[in-house]
Protein chains: 4
Amino acid sequence: MVIRSIRDNYDAADKQQRILQAAHAEFAEKGFDGARVDSIAARARANKQLIYYYFTNKDVLFTQVLEAAYRDIREQEAALDLAAFPANEAILKLVEFTWHYYLKNPEFIRLLNSENQLKARHLKTSGSTVEINRSWISITEHLLARGRAEGTVRDGIDVMQLNINISALGFFYLINQSTLSILYQKDLGEQAALDERLRVMKECIAAWIRP
Amino acid sequence: MVIRSIRDNYDAADKQQRILQAAHAEFAEKGFDGARVDSIAARARANKQLIYYYFTNKDVLFTQVLEAAYRDIREQEAALDLAAFPANEAILKLVEFTWHYYLKNPEFIRLLNSENQLKARHLKTSGSTVEINRSWISITEHLLARGRAEGTVRDGIDVMQLNINISALGFFYLINQSTLSILYQKDLGEQAALDERLRVMKECIAAWIRP
Amino acid sequence: MVIRSIRDNYDAADKQQRILQAAHAEFAEKGFDGARVDSIAARARANKQLIYYYFTNKDVLFTQVLEAAYRDIREQEAALDLAAFPANEAILKLVEFTWHYYLKNPEFIRLLNSENQLKARHLKTSGSTVEINRSWISITEHLLARGRAEGTVRDGIDVMQLNINISALGFFYLINQSTLSILYQKDLGEQAALDERLRVMKECIAAWIRP
Amino acid sequence: MVIRSIRDNYDAADKQQRILQAAHAEFAEKGFDGARVDSIAARARANKQLIYYYFTNKDVLFTQVLEAAYRDIREQEAALDLAAFPANEAILKLVEFTWHYYLKNPEFIRLLNSENQLKARHLKTSGSTVEINRSWISITEHLLARGRAEGTVRDGIDVMQLNINISALGFFYLINQSTLSILYQKDLGEQAALDERLRVMKECIAAWIRP
DNA sequence: GATGAATGAGCCTTCATTCAT
DNA sequence: AATGAATGAAGGCTCATTCAT
């Protein structure tokens with residue numbers, strides 16, 4: 001047992017963090033199968049073996065990356081101040097938040113995608129993620145309840161369906177941006193196109209929840 | 001040019017077809033990177049090298065699979081008899097068609113997904129696909145025009161946004177079925193859940209396009 | 001047994017010839033191992049199987065290419081009119097001829113090289129080549145005898161050594177042109193360099209055979 | 001940077017060395033295209049992938065083999081004590097050295113040959129080789145200058161031409177030994193033939209450089 | 001003669017992972 | 001905690017050659 005300085009521990013935590021970030025980037029860019037452990041090591045400026053030391057194998061590493069990703073979006077979401085608005089407006093705020101989060105963290109949807117390609121095999125073994133995502137559900141749940149009470153949101157809107165709709169409208173656009181841009185012969189990534197998409201998404205959700 | 005028996009041509013064409021189908025299944029199941037040429041050969045009961053003889057390499061093979069996939073959905077879509085309905089209802093028929101197509105051909109969305117993970121690198125080199133997908137656009141275009149004329153669809157609905165919305169609501173649900181089922185602790189694949197999803201999707205689109 | 005027109009036979013001979021030429025070029029360019037049967041077929045605009053029909057396999061094809069190559073240089077050499085010159089000058093004519101032949105038929109030395117890399121495995125089975133090359137020996141033999149009689153060439157010059165010297169001085173320069181050009185940082189292929197080389201070669205041989 | 005036992009460093013360096021030697025032998029025997037990485041691994045009693053770990057790929061490996069080969073001949077050449085002889089005799093010593101080096105290292109000329117077959121594609125990327133070969137040039141350069149001063153070597157002998165002549169006369173004989181032995185129906189590899197060849201080479205060079 | 005289809009063997013290379021210190 | 005060395009298992013692809021008309 002060696003006494004080790006705080007500096008050391010800091011360094012170690014730091015290196016783990018660097019590996020995690022490198023893995024995050026690599027997995028998002030190339031998917032799980034396309035990602036290379038060597039490449040992650042290089043990005044993290046770490047010895048490859050260290051990755052195995054800290055994370056056991058590629059799957060565990062991916063699982064941790066995924067958990068961190070979920071944690072991040074849910075934390076940011078939870079930090080939103082939605083109480084100040086009527087529920088219907090608050091829901092549109094949520095649409096905006098989701099959209100902007102996807103835009104600012106394009107790897108997030110790519111990670112989810114990769115995980116789904118693998119039939120959620122990592123998520124299945126992750127205890128924490130279900131917990132983490134509970135907030136996603138409950139925030140919207142409360143908004144819906146409040147909306148019904150306020151009369152700003154109609155009856156019969158299911159939490160899960162709402163959450164899925166909010167995600168779906170943005171997710172599909174962004175994840176398929178490459179192919180859609182070709183099929184429509186138009187760059188879906190330019191600002192005007194992105195703004196227009198957000199407008200449509202809000203319009204669509206608003207129409208759907210309107211009493 | 002030698003005259004050759006029908007049997008022969010049939011055999012060769014048949015084998016190419018078998019390879020294509022095997023590739024379709026393999027790529028859909030495992031994604032481009034996860035797919036194995038060996039595995040495709042085994043599925044097609046063909047010699048592995050024959051795949052290279054006919055398709056040059058894995059990328060070309062994927063491109064052809066992708067093109068065939070697009071061709072199929074667009075052909076089926078074009079065969080729909082939408083003229084018999086008012087435009088707003090016809091659009092909901094389109095929502096239904098899309099949804100059922102996705103359900104019956106789960107590989108389709110997985111192929112698209114894989115291609116997007118690769119940033120549309122195959123689609124970029126495929127001349128035919130843009131052409132193939134034109135029908136997707138024009139069918140909806142005509143429906144929208146008719147709907148405005150009939151007064152069953154409101155002004156200001158963009159074709160691309162409509163098409164994307166129709167696809168998005170179903171695509172996201174299905175492609176993320178694995179992870180969503182875990183997060184919501186509920187099997188999203190059972191019939192009742194699927195029916196409910198279709199209902200919500202139609203409800204959402206209907207509300208959005210209503211004059 | 002089918003009676004076939006002269007045209008047909010001509011075509012067949014022609015196609016064999018085309019294959020042979022294509023093989024000549026391919027083998028010279030890439031060596032035996034680097035050469036591709038497919039590539040030869042493409043160059044000859046012939047079906048690959050036809051190559052096997054006519055030539056059995058890659059080795060036989062190479063052997064025939066090699067024999068044709070030897071036949072060609074020896075035929076041209078035999079056609080030289082050396083009787084008009086004193087023997088010492090005639091020998092220098094031979095130096096010139098050899099050099100210019102190498103220059104005009106760069107594949108020749110490349111073929112020889114490739115064959116030597118393979119330890120003459122094709123030549124060993126070729127009956128005709130020894131015969132073909134006899135002229136190479138006898139021409140020089142007679143020149144040497146004449147030279148000694150004339151007093152223009154000294155005693156003690158061995159035929160084989162002379163032939164080898166003549167070939168060596170040019171062959172080495174040309175076959176190693178790529179590496180020598182790099183080591184000497186100078187393009188050994190430009191005309192001035194080639195002319196200078198020939199001058200040196202003649203100078204060297206002349207000095208050596210001088211009585 | 002970790003301090004590691006001498007044993008370790010020795011082992012690793014040793015294994016690299018063994019791989020290099022195995023590659024040297026394999027490339028010389030079969031040429032670049034004919035050489036097999038598997039075979040090199042077997043010769044070196046090393047895991048095949050270790051070759052890639054240390055040398056990236058077959059081309060890099062060949063380049064290093066080539067560099068080592070050049071380095072070796074030039075080092076031995078530089079170690080010759082030529083100052084003790086008049087320049088003309090020293091040049092003949094060089095002829096002898098070159099000849100004996102070729103005899104003792106038959107792979108050397110085979111490697112050069114293979115590289116030339118590939119149009120010097122490895123040498124082109126090798127920075128060190130030009131440097132290494134500078135000594136080849138300068139040694140002869142000084143001998144020529146000294147010879148002219150002493151009056152033992154005539155004017156007008158170019159360094160490059162001299163070097164090439166020295167190499168050419170031996171190189172051609174040895175590299176084409178297989179085919180020449182067949183054409184002349186005589187074993188050019190037996191000692192008497194080798195001795196005679198050296199005599200001729202010296203005679204030829206001597207005659208050429210004589211004032 | 002001529003050709004499209006088919007194949008076995010093998011080649012270079014990659015990659016996640018483990019060993020040994 | 002950290003690292004260089006090493007490896008088994010494949011993976012995509014190539015190539016000479018043969019099959020079957």
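Order of the sequence lines fixes the chain letters, A, B, ..., with proteins taken first and strands second; residue numbering starts at 1 for each chain. Bear in mind the structure is a predicted one, so any value in this text is a computation, not a measurement.
Of the possible donor and acceptor atoms, one in the side chain of Lys58(B) sits under 3.5 Å from a partner among the backbone N and O of Ala35(B).
Within 4.0 Å (heavy atoms only), Ala41(B) reaches no atom of the nucleic acid at all.
Nucleotide dT18(F) holds its P atom 15 Å from the CG atom of Asn47(C), rounded to whole Å. Between the P atom of dA6(E) and the CD1 atom of Ile19(B) lies a distance of 8 Å, rounded to the nearest Å. Asp38(B) places its CG atom 13 Å from the P atom of dG8(E), with the value rounded to the nearest Å. Protein atom CG of Asp14(B) is 13 Å distant from nucleotide atom P of dA5(E), rounded to whole Å. In this structure, Phe62(B) places its CZ atom 16 Å from C1' of dG12(F), rounding to the nearest Å. As a whole-Å value, the separation of Phe27(A) CZ from dC15(E) P is 13 Å. Distance CZ (Phe55(D)) to P (dC12(E)): 16 Å, rounded to an integer number of Å. Straight-line distance from the CD1 atom of Ile51(B) to the P atom of dT14(F): 13 Å, rounded to whole Å.
Ionic pairing of Arg110(C) and Glu29(C) is not present here: no N-O contact between side-chain nitrogen and carboxylate oxygen is shorter than 4.0 angstrom. The pair Glu26(B)-Arg43(B) meets the salt-bridge criterion, with a side-chain N (NZ, NE, NH1 or NH2) lying under 4.0 Å from an Asp/Glu carboxylate O.
Cation-pi contact between Arg121(C) and Phe32(C): present, with separation from the ring centre below 6.0 Å and deviation from the ring axis of at most 45°.
Distances were taken from every side-chain heavy atom of Lys48(B) (C-beta onward) to each of dC13(F), dA2(E), dA2(F); the shortest belongs to dC13(F). Residue Lys15(C) places its side chain closer to dA2(E) than to any other of dA2(E), dT17(F), dG4(E). For Leu50(C), the listed nucleotide lying nearest its side chain is dA2(E); candidates were dA2(E), dA6(E), dT13(E).
Shown are Val65(C), Asp72(C), Leu61(C); of these, the side-chain contact (heavy atoms from CB on, under 4.5 Å) with His24(C) is made only by Val65(C).
Residue Tyr53(A) places at least one side-chain N or O closer than 4.0 Å to OP1 or OP2 of dA1(F). The phosphate of dG10(E) (OP1 or OP2) has no side-chain N or O of Arg36(D) nearer than 4.0 angstrom. For the pair Asn57(A) and dA16(E), the criterion of a side-chain N or O lying under 4.0 Å from OP1 or OP2 is not met. Taking 4.0 angstrom as the limit, Tyr52(A) places a side-chain polar atom (N or O) nearer than this to OP1 or OP2 of dT17(E).
Nearest heavy atom pair, residue Thr56(A) against residue Val60(A), reads CB-CG2, 4.2 Å. Of all the heavy atoms in Phe55(C) and Gln64(C), the pair that sits closest is CE2-OE1, 3.7 Å.
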ask   = Could you write out DNA chain F as a dot-bracket string, with dots for unpaired bases, | for bases paired across to another strand, and Watson-Crick or G-U pairs counted at under 3.5 Å?
value = .||||||||||||||||||||
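Along DNA chain E, the nucleotide nearest to Asp59(D) and the one nearest to Arg45(C) differ in position, and the one closer to the 5' end is contacted by Arg45(C). A residue-by-residue look at Tyr54(B) and Lys58(D) shows that Tyr54(B) has its nearest nucleotide of DNA chain E further toward the 5' end. For Ala35(B) and Gln49(A), each mapped to the nucleotide of DNA chain F holding its nearest heavy atom, the one lying further toward the 5' end belongs to Gln49(A).
Remark: Thr179(B) pairs with Tyr70(A), Glu115(A), Asn116(A), Ala120(A), Leu123(A), Asn176(B) by the side chain to side chain contact (heavy atoms under 4.5 Å, CB included) rule, at least two apart or across chains.
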